[in-house]
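Notes to accompany the following structure.
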Amino acid sequence: MTACEPTATSEAAVMEPPRAGGPLESSSGARDRKASLEDGTVDTANESSGEESTGEREGEICAHVEVASDTEATEVPADQTSSTQTVNAKRPNSLPVAAAEGLGLCTSQGDAEVTLRMGDSGLAAETPLTVNQMFVSAVERFGDYTALSWKEGEQQKSLSYREYYKSCRTAAKSFLKLGLQRYHGVGILGFNSAEWFISDIGAILAGGFAVGIYTTNSPEACQYVADNSKANIIVVENHKQLQKILQVEDKLPHLKAIVQYKDELKEKRPNLYSWAEFMELGRDEADAPLDAIVSSQKPNQCCTLIYTSGTTGQPKGVMLSHDNITWTALSTGRHVSLTDATRAQEVVVSYLPLSHIAAQMVDIWVTMRVGGATHFAQPDALKGSLVTTLKEVRPTAFMGVPRVWEKMQEKMKSVGAKSSTVRRKLAAWAKDVGLQTNLTKMNQSEAAGRTPFSYKIAKQLVFKKVRKALGLDRCSRCYTGAAPITNDTLEFFLSLDIPLYELYGMSESTGPHTISVAEAFKIASCGKEIPGCKTKLHNQDSEGIGEICFWGRHVFMGYLNMPDKTEEALDAEGWLHSGDLGKHDDNGFLYITGRIKELIITAGGENIPPVPIEDAVKKAVPLISNAMLIGDKRKFLSMLLTIKCQLNVESGDPEDELTPEAVELCRKLGSNATRVSEIAGGQDKAIHAAIQEGINTVNKGASSNAQRIQKWIILDRDFSLNGGELGPTMKLKRPVVLKMYKEQIENFYKELATPTSPDFPLPAK
Ligand SMILES: Nc1ncnc2c1ncn2[C@@H]1O[C@H](COP(=O)(O)OP(=O)(O)OP(=O)(O)O)[C@@H](O)[C@H]1O
């Protein structure tokens, strides 16, 4: 397809993908990574529908941008038009590279339009839709099906698709009445709930941006997001979240109103509304102004901002277009073969932070595409109630970030450790059978298809019971993603006949880029691209490892008001550079091998990916909860370690008390410690010796002296979400940890002599 694809409301600018390493690629000079592309070190494994990129296409792109700029037809209320009119003016693209080459694939302006990356066949060629169009279609097909459900006390509540849509429209009218302007944010700060979804979609229908704010954000971090997105309205969950906004309210010039969706308002303030008051505002408003806004929206305009959690620096506002969302939901649903509600309704449990794209995609958008039902977990889901909810709801698909699966694994192990010898032996036998059978199936060897009898027995005696105990007995698809998971956890669940299908992507790719599925599953691989997307491995080394780059309609529009960062992320042809390293196997399965964005480059110039070393240490010393390797611009490597401890049930904060598993491990090592403080102080010789031994083992496997850990320290508190050391997907926020433990780190490097022995004896205190 080389022409604009007309949509129900407008024409959206479109573009077909460039061929990896094609002529356009070499036309940019500015970026380092281009040089190696020109060397021809490009993987084209997934180019089946790749088109030759030509100079003519550049011309086409310009033309399409102009078409897009000329197609504003619908009349929109006066206070909604100003930004849109700016779009219609032939504004130069904000990016120097884009401007120079006439590309319209990206922008850093919230009110701009981009060229859609249409393909000429298959899903990539599907007609682009706005969020409203997708929702209307869902209501037409699944109007009376349950869309959202939740528990209030002992009562079960729900909304059908028809009611859900109506509520979103009412919320949209209320937002407009409160003064929401086009392309301004509606911040949403709270735990997953129907109100969260309704605020999100209401904001989009009203022409604003839906902007999730992490509940763990400090007042200042909330302020940053609200200010950056020019939020006119902030929707908060409760009094606690309200206090954060009130603390920074004076510094938010665009803020007009705050809405609190749970609990009674504890105080009266002008422009503070309860949820009921808020919905009342829009209840009797006329339809016409909202309809005019909705029909003026185009698929290639921004509707959602996802703020990155800052594992690699200052949070950035990832601009997602209507098409990014509606198309990615379509492609993902197809890829994982979700069932349409008219045949059997899919059910998911919503509990992961909704300000993250993974949760939004799964809980809101993919589920809507197939008419599925989303059930809201309790706010204390991650503090322990999740499994209870899972057992009540029995989801058909379930997504957990690695930490969720690790927690389940730890819990199951500690329960298993307390069971009788016979039960333990039975479980060990069943797990062995489960692992072998699943690995055989995975490798599709000769034996595939012939399920051994022992597997059938293990399934009856163990696997079915485990699934039931986890609430996963109806769940044919269990996913992990958004952060790296260890092989240990993958194998643990595979041995229990629960294959974890891995999902890989970024906020900048509207969530998923690759997902493994039952029919194409390889342990430790993130699977293959969702249909209509392509991968390029940039600057490959001799092992075929290169930077993973994405192409497709899931690639974001750009970072809001950050042209430089946008230009860093997207090359001149529009390939999204992930900053992750990966390789393909012969069958096109993608494996993530590291993150360029967290590579340690020592003072000696050695490039060291920290995660494999950190994982190896955690494996060698199971007592360790988190490990962070230090060594960037340093003469040798050192490591910060934390110990597995209990979490406070209320706050989720790490406590001093060790987990039962950790206490037992200490016993085995000859220590009576029950608290982190007894270990962190350095007085527990047995534990120190065991950690040193584990580190020595890891050091022995190091490929060079520079890759050996020379010093380490046990910190007195585990890393946590609340503490700020971990992001919402439990990825380490390395810059935060570096800052928090600056003193301890400096102590590592104070000594004059550089230790080089792999058995460097004493840990720093
Ligand atoms: N299955 C996976 N395996 C390994 N790493 C993954 C996986 N899925 C996602 N990631 C990592 O997460 C990154 C995407 O993170 P995301 O877009 O969610 O941003 P974030 O958590 O907000 O952090 P940041 O602030 O670094 O952008 C990927 O680039 C990759 O490094």
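In listed order, ligands and their atoms are each counted from 1.
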Considering both backbone and side-chain atoms of Tyr307, is one of its nitrogen or oxygen atoms within less than 3.5 Å of a nitrogen or oxygen in ligand 1?
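No; the residue has no nitrogen or oxygen that sits under 3.5 Å from a nitrogen or oxygen of the ligand.
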Geometry only, no angles: is Lys597 polar-contacting ligand 1 at N/O separations under 3.5 Å?
yes
Can you tell me which portion of Ala483 lies within the under-4.0 Å heavy-atom range of ligand 1? Options are side chain, backbone, both, or neither.
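Under 4.0 Å from ligand 1, Ala483 contributes backbone atoms alone.
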Contact partition for Ala482 relative to ligand 1, non-hydrogen atoms under 4.0 Å
backbone
Could you walk me through whether Tyr183 and Gln301 pass side chain to side chain donor-acceptor pair (under 3.5 Å), step by step?
CA-CA 10 Å; Tyr183 310 115; Gln301 291 173 325; 3.3 Å; yes
Mark up the atoms of ligand 1 that fall under 4.0 Å of a heavy atom belonging to [X], in ascending order.
| X | answer |
| --- | --- |
| Leu503 | 1 (N), 2 (C), 8 (N) |
| Pro484 | 3 (N), 4 (C), 5 (N) |
| Asp580 | 28 (C), 29 (O), 30 (C), 31 (O) |
| Glu502 | 1 (N), 2 (C), 3 (N) |
| Arg595 | 12 (O), 13 (C), 30 (C), 31 (O) |

Looking only at heavy atoms of [X], does any of them come nearer than 4.0 Å to an atom of ligand 1?
| X | answer |
| --- | --- |
| Glu508 | yes |
| Pro315 | no |
| Lys316 | no |

Flag for Asp488-Gln409: side-chain donor and acceptor within less than 3.5 Å
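Short answer, yes.
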State which residue, out of Phe191, Phe398, Trp196, fulfils the ring pair (Phe, Tyr, Trp, His ring centres under 6.0 Å) condition with Tyr351.
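Filter result, single survivor: Phe398.
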Let's go through Glu529 and Thr535 carefully: what are the C-alpha distance in whole Å and the side-chain angles of both, what is the deciding distance for side chain to side chain donor-acceptor pair (under 3.5 Å) to 0.1 Å, and is it a yes or a no?
CA-CA 7 Å; Glu529 295 75 17; Thr535 303; 2.4 Å; yes
Heavy-atom distance to atom 16 (P) of ligand 1: which of Ser507, Ser578, Ser516, Ala524 wins?
Ser507
Which one of Thr308, Thr593, Ile592 has a non-hydrogen atom at the shortest distance from atom 27 (O) of ligand 1?
Thr308
Is the Tyr501 ring parallel, tilted or perpendicular to the Phe521 ring (thresholds 30°, 60°)?
perpendicular
Do side-chain atoms of Tyr504 reach the backbone of Leu590 as a donor and acceptor pair under 3.5 angstrom?
no
Can a donor-acceptor pair be found, under 3.5 Å and without considering hydrogens, that links the side chain of Arg467 to the backbone of Ile498?
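No, Arg467 side chain to Ile498 backbone: no donor-acceptor pair under 3.5 Å.
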Hey, does the Lys NZ or Arg CZ of Lys522 hover above the aromatic six-ring of Phe589, less than 6.0 Å from the centre and inside 45° of the axis?
yes
Find out whether the Lys NZ or Arg CZ of Lys534 is both under 6.0 angstrom from the six-membered ring centre of Phe550 and within 45° of the ring's axis.
no
